[in-house]
Amino acid sequence: GMIVGSVFVSIDEKMSVKSYFRLGTVLILFQVFFHALSNLFAGFALKQMNAFTFMFWGDLSAAIMALSIIPFVGVRKLNVSFSQVKPLFMGSFFSVIAASSLFTAFQTNVTISSTLSLLTSPVVLLFTVLASTVRPELLEHHSGKVYTMRTIGVTVILLSSIVLSLSKV
């Protein structure tokens with residue numbers, strides 16, 4: 001269901017079957033796979049420590065890994081202005097709240113918590129539509145038909161995640 005929903009979410013006027021099989025799609029599938037592994041290992045770690053200790057050590061190791069790419073990318077490509085980075089501070093603030101909630105939930109049950117965390121899609125869709133009334137550039141310009149298909153896709157993903165969270169694995 002989630003895969004079918006993801007196809008509907010990505011539909012636009014110019015889409016063909018070939019356009020779904022691009023590098024970006026493959027990279028997203030890699031992200032999903034590695035995110036699932038990350039959640040699994042987070043569950044293992046959270047059996048031994050609390051969510052905040054987990055976040056501290058996880059963020060510290062992520063910072064070390066991020067710094068280790070500098071020799072490969074080069075310092076010049078990392079040079080940005082404060083105005084370019086400013087939105088990341090708010091994003092990071094909300095990300096810490098979300099991660100704290102998620103990892104605390106993982107201490108109870110990784111499978112259900114991970115599945116319910118997939119409910120991000122409909123919330124992002126709703127926030128984007130609401131925010132586009134103030135900042136229209138947030139919304140892509142497509143026909144009502146495209147947005148109807150995307151809403152159906154998000155609904156299928158939502159229902160699939162609910163079914164998965166309620167099923168006994």
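Along the sequence shown, the residues carry numbers beginning at 1.
- Under the 3.5 Å distance criterion, the side-chain polar atoms of Gln84 are matched with a main-chain donor or acceptor of Ser81.
- Summarising the geometry, atom CH2 belonging to Trp57 is positioned 9.0 Å from atom CE belonging to Met49; distances are rounded to the nearest 0.5 Å.
- Linking ILVMFWY residues whenever their side-chain heavy atoms come closer than 4.5 Å, directly or via other members, leaves Phe127 and Phe93 in distinct clusters.
- Hydrophobic clustering of Ile, Leu, Val, Met, Phe, Trp and Tyr side chains at less than 4.5 Å, counting indirect connections, unites Val80 with Leu88.
- Take Phe72 and apply the ring-ring contact (aromatic ring centres under 6.0 Å, His included) test, not counting sequence neighbours, and it matches no residue.
- Atom CG of Leu102 sits about 9.0 Å away from atom CZ of Phe54, to the nearest 0.5 Å.
- The two atoms that bring Ser100 and Ala51 nearest to each other are O-CB, 4.3 Å, heavy atoms only.
- Within the model, atoms OG1 of Thr104 and CE of Met55 stand 8.5 Å from one another, a figure rounded to the nearest 0.5 Å.
- In the hydrophobic clustering of ILVMFWY residues, with side-chain heavy atoms under 4.5 Å counting as a link, Val96 and Phe103 come out together.
- Atom CG of residue Leu23 and atom CZ of residue Phe30 lie 9.5 Å apart, to the nearest 0.5 angstrom.
- For the atom pair CZ (Phe41) and CZ (Phe34), the distance works out to 11.5 Å, reported to the nearest 0.5 Å.
- Going from atom CG of Asn39 over to atom CG of Leu46 covers 10.0 Å, rounded to the nearest 0.5 Å.
- With hydrogens and angles ignored, the 3.5 Å screen pairs no side-chain donor or acceptor of Ser95 with any backbone N or O of Ser92.
- By the 4.5 Å heavy-atom criterion applied to side chains, Leu67 and Ile70 are counted as neighbours.
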